[in-house]
Amino acid sequence: MPFTIAIDGPAASGKGTIARALAQHFGFAHLDTGLLYRAVGAKGGDPVAAARGLAPGDLARDDLRSAAAGQAASRVAAIPEVRAALVDFQRRFAGGEPGAVLDGRDIGTVICPEARLKLYVTASDQIRARRRALELGADEAEMLRELRERDARDAARDVAPMRPAEDALLLDTSEMTIDEAVARAIDAARRAG
Ligand code: C5P
């Protein structure tokens with residue numbers, strides 16, 4: 001059985017950093033599932049056709065990291081047919097040996113409900129906005145508005161809303177350094193193994 005780790009949480013909570021560190025530590029593959037929705041949103045035209053024709057090789061593009069790409073992703077992510085078109089790819093990825101780490105919004109609830117470890121990573125709105133502003137070289141107040149708008153849409157949508165799985169371990173990184181948060185996650189994975 002592959003060791004699947006599901007990590008969910010709102011934007012800029014630290015889940016991507018933790019996911020990458022876990023994957024590196026255990027020698028697992030990592031999939032940032034937000035990039036799938038970002039690529040679909042950035043494509044323009046019919047989002048359902050874009051999701052069905054998505055070439056995962058195209059995900060490593062810098063333009064997908066922008067706040068505008070995040071907003072476009074969040075809009076197409078509310079379309080059930082878009083989500084459905086991306087399920088198989090994510091589940092195949094999750095089933096890779098010896099293990100895989102996927103981060104997103106619905107990994108523990110929809111994509112990998114049987115994951116060996118589920119983490120739900122959060123941090124206060126202000127701290128997330130500060131982190132994102134530093135990362136993108138953008139204005140903090142503007143980032144705060146952007147994150148809140150996106151989180152509200154992601155949490156309120158009918159299909160696969162952002163929320164912790166019932167058996168997810170909650171990790172609030174507001175007061176933690178990256179090293180502390182990563183150490184907690186590694187510890188949780190060891191105990192789950
Ligand atoms: O994680 P990231 O900020 O890159 O995600 C961009 C957007 O993609 C999110 O705001 C959300 O709407 C959508 N998303 C999703 N389900 C996932 C990952 C991302 O709906 N598993």
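Whatever order the structure lists ligands and atoms in, that order sets their numbers, starting from 1.
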Should the pair D125-R128 be classified as a salt bridge under the 4.0 Å nitrogen-to-oxygen rule?
-> yes

Atoms of ligand 1 under 4.0 Å from any heavy atom of A73, numbered from 1 in the order shown, are 6 (C), 7 (C), 8 (O)

N or O contact, Q90 vs ligand 1, cut-off under 3.5 Å | no

Sub-3.5 Å N/O-N/O distance, R38 and ligand 1 = yes

Salt-bridged, D8 to R105, with N to O below 4.0 Å?
-> no

How close does the nearest protein non-hydrogen atom get to atom 11 (C) of ligand 1, and which residue and atom is it?
-> D154 OD2, 3.2 Å

Would you call R65 and D32 a salt bridge, using N to O less than 4.0 angstrom?
-> yes

Numbered atoms and elements of ligand 1 in range of A77, under 4.0 angstrom, heavy atoms = 12 (O), 13 (C), 20 (O)

Per atom 19 (C) of ligand 1, closest listed option by heavy atom (A160, A67, P161, G34) = G34

If we only count N/O pairs under 3.5 Å, is D32 in contact with ligand 1?
-> no

Counting heavy atoms under 4.0 Å, the part of R150 that contacts ligand 1 is side chain

Carefully, step by step, assess R190 and H25 under the rule side chain to side chain donor-acceptor pair (under 3.5 Å).
-> CA-CA 11 Å; R190 283 220 185 87; H25 183 86; 3.3 Å; yes

Does R163 come within less than 4.0 Å of D106, counting only side-chain N to carboxylate O?
-> no

Below 3.5 angstrom, do we get any N/O pair linking D103 and ligand 1?
-> no

Nearest-option assignment for atom 15 (C) of ligand 1, heavy atoms, candidates R83, K15, R153 | R83

What is the closest protein heavy atom to atom 1 (O) of ligand 1, and at what distance does it sit?
-> R105 NH1, 2.9 Å

Residue part near ligand 1, for R157, under 4.0 Å between non-hydrogen atoms | side chain

Cationic N near anionic O, under 4.0 Å, R61 to D58 = no

Going by the angle between their ring planes, with limits at 30° and 60°, are F3 and F26 parallel, tilted or perpendicular?
-> parallel

List the closest protein heavy-atom neighbour of atom 14 (N) of ligand 1: residue, atom name, distance to the nearest 0.1 Å.
-> Y37 CD1, 3.6 Å

Are any of the side-chain nitrogens in R150 or E146 under 4.0 Å away from the carboxylate oxygens of its partner?
-> yes

Hey, is CG on D158 packed in by over 12 heavy atoms from elsewhere, all under 6.0 Å?
-> no

Can we say E135 and R131 salt-bridge, meaning some charged N sits less than 4.0 Å from an Asp/Glu carboxylate O?
-> no

Identify, by atom number and element, the atoms of ligand 1 in contact range of G104, meaning under 4.0 Å from any of its heavy atoms.
-> 17 (C), 18 (C), 21 (N)

Are any non-hydrogen side-chain atoms of L59 and L36 less than 4.5 angstrom apart?
-> yes

Minimum-distance protein heavy atom relative to atom 18 (C) of ligand 1 = T33 OG1, 3.4 Å

Is ligand 1 under 4.0 Å from a heavy atom in the side chain of S74, in the backbone, in both, or in neither?
-> both

Hey, is ligand 1 close enough to R132 that some N/O pair sits below 3.5 Å?
-> no

